[in-house]
Amino acid sequence: MNRSRTAPQVKVVVWDLDNTLWDGALVEGADGTPRPSVVRIIQELDGRGVLQSVASKNDAAVAMPVLEAAGLAEFFLYPEISWSPKSDAVKHIAAALNVGTDTVLFVDDDPFERAEVAASHPEVRCVDSRDVHTLLTRDDIPAPDAVPADSVSRRELYRREERRQADERVFTGTKSEFLASLHLRLAIRDARPEDLTRAAELTTRTNQLNTTGLAFGQRELSALTTDPGHSVLVLELEDDFGEYGMIGVVVVRHTDDEMRVRLFLLSCRVMGRNLVPAIVAELADAARARGVALTADFVSTPVNRPMYVTYRFAGFREQDERDGVKNLALAGSPSEAATAHVRITDRPVTLGTTKGSHQ
């Protein structure tokens, strides 16, 4: 276990089109036949759970049909095809996918375009299209044997989110009413052995909605699941549009006088679903049933302030700070109004009153 401060793993690869995905430029008469080697890389990245999109200076009315005819349009989420700067395109794609630009890798044949993106977003990893053959062996791209089954369907999960967003745009009620209309169903359960690959991946890939930045490997999580002094919880969400898959991990340490949340993270895919109050309420109920206090660690990073604010709104108050770790204690449970839009469908056994007390 460690606190992750290195460059995060790549979550999104953004592709140029002309002279990258195919030879030549569409405006100069290129037929848009994709390079077979690039198609194989796109398919492999998709299989590894890496999201992909397009940033191309082209006419979308011309380029999209070419991608559709080649069977590639389905691989690209929120494509940005226009004559605007590609730095803007990268920013818009990251925002649409709710990921940080530091998790984006940009592929383009033109050194000017790579420099333009790098100047605006120095954290974006820019790759010359001549070097695309290196993508599948990069350390910051998930290896095939490290990809859990839940990740393989990540593109479809984002497609569902596109449909949710489209529905929200035409919804005439308030944000709270829209959330209620989704009929969110949240399972909070103890991690099983088959969950640990995905859970470990979330601890290394999730940065914004992450309270401490602790990164756990599979073996470490496995050891904690058998430790009576800890609970490792996984969170799964579904609504009327379908399943989100595993969307969060909570690691709790039990002592004689407290339940301490060492790690609480949520996937960026559920940002805006206002799930934290409902989860904190469940933890608070478990702590009260055991007659102990509910406390939580928080370590500030450049990107996780929203999680701190959410903790505060849920009722946590700062007690002290030591070695960069804030100690928070729950001063009051979240209101019923803040949790009414979420129905809890499963609860973890290890948070029950039978959980042993250990130092």
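Atoms considered below: every heavy atom in the structure, side chains included; atoms not considered: hydrogens, waters and symmetry mates.
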Side-chain touch [X]/[Y], heavy atoms, less than 4.5 angstrom:
X	Y	answer
P142	R205	yes
V132	W15	yes
L17	V54	yes
T212	R262	no
V66	W22	yes
Q208	M307	no
F216	L263	yes
I247	L235	yes

So if you build clusters from Ile, Leu, Val, Met, Phe, Trp, Tyr with side-chain heavy-atom gaps below 4.5 Å, do [X] and [Y] land together?
X	Y	value
L51	L266	no
V107	L97	no
V14	M64	no

Go through E113 and K57 one step at a time and tell me if the salt bridge (charged side-chain N to carboxylate O under 4.0 Å, His left out) criterion holds. CA-CA 10 Å; E113 300 292 359; K57 288 185 176 178; 3.2 Å; yes

Pairing donors with acceptors under 3.5 angstrom, does anything connect the side chains of [X] and [Y]?
X	Y	result
N304	N207	no
D190	T350	yes
H254	R260	no
D239	H183	no

- Message: Check this for me: E194, atom CD, are more than 12 non-hydrogen atoms of other residues, nucleotides or ligands nearer than 6.0 Å?
- Response: yes

Flag if over 12 foreign heavy atoms under 6.0 Å of CZ, R305 | no

Does the salt bridge (charged side-chain N to carboxylate O under 4.0 Å, His left out) test come out yes or no for D285 and R288, once each step is laid out?
-> CA-CA 5 Å; D285 286 347; R288 277 194 297 270; 2.3 Å; yes

query = Going by the angle between their ring planes, with limits at 30° and 60°, are Y311 and F316 parallel, tilted or perpendicular?
reply = tilted

TODO: Start with the C-alpha distance between E282 and R347, add both sets of side-chain angles, then the distance that settles salt bridge (charged side-chain N to carboxylate O under 4.0 Å, His left out), and finish with yes or no.
DONE: CA-CA 8 Å; E282 289 294 312; R347 291 177 170 86; 2.7 Å; yes

Return all side-chain donor-acceptor pairs below 3.5 angstrom for residues 319-328, not counting sequence neighbours, or 'none' if the list is empty.
from : atom 1 : to   : atom 2 : distance (Å)
Q319 : NE2    : R317 : O      : 3.2
K326 : NZ     : S300 : OG     : 3.1

Sub-3.5 Å donor-acceptor pair from the side chain of [X] to the main-chain atoms of [Y], do we have one?
X	Y	value
T206	L202	yes
R269	Y244	yes
S120	V117	no
D102	E123	no
T137	T134	yes
K11	V99	no
S53	Y78	yes
T101	V124	no
R35	T20	yes
N210	G213	yes

Given the options D16, D108, D128, R114 meets salt bridge (Lys or Arg N to Asp or Glu O under 4.0 Å) only with D128

message: Under a 4.0 Å threshold between the charged nitrogen and the carboxylate oxygen, would R189 count as salt-bridged to E236?
response: yes

Inspect the contact between E44 and R48 and indicate whether a charged nitrogen and a carboxylate oxygen are less than 4.0 angstrom apart. yes

So ring pair (Phe, Tyr, Trp, His ring centres under 6.0 Å) across residues 282-304, not counting sequence neighbours, yields F298-Y308

Checking E161, R159, R154 against L77 for side chain to side chain contact (heavy atoms under 4.5 Å, CB included), the one that qualifies is R159

R160 and G242 have their tightest heavy-atom pair at NH1-C, 4.0 Å

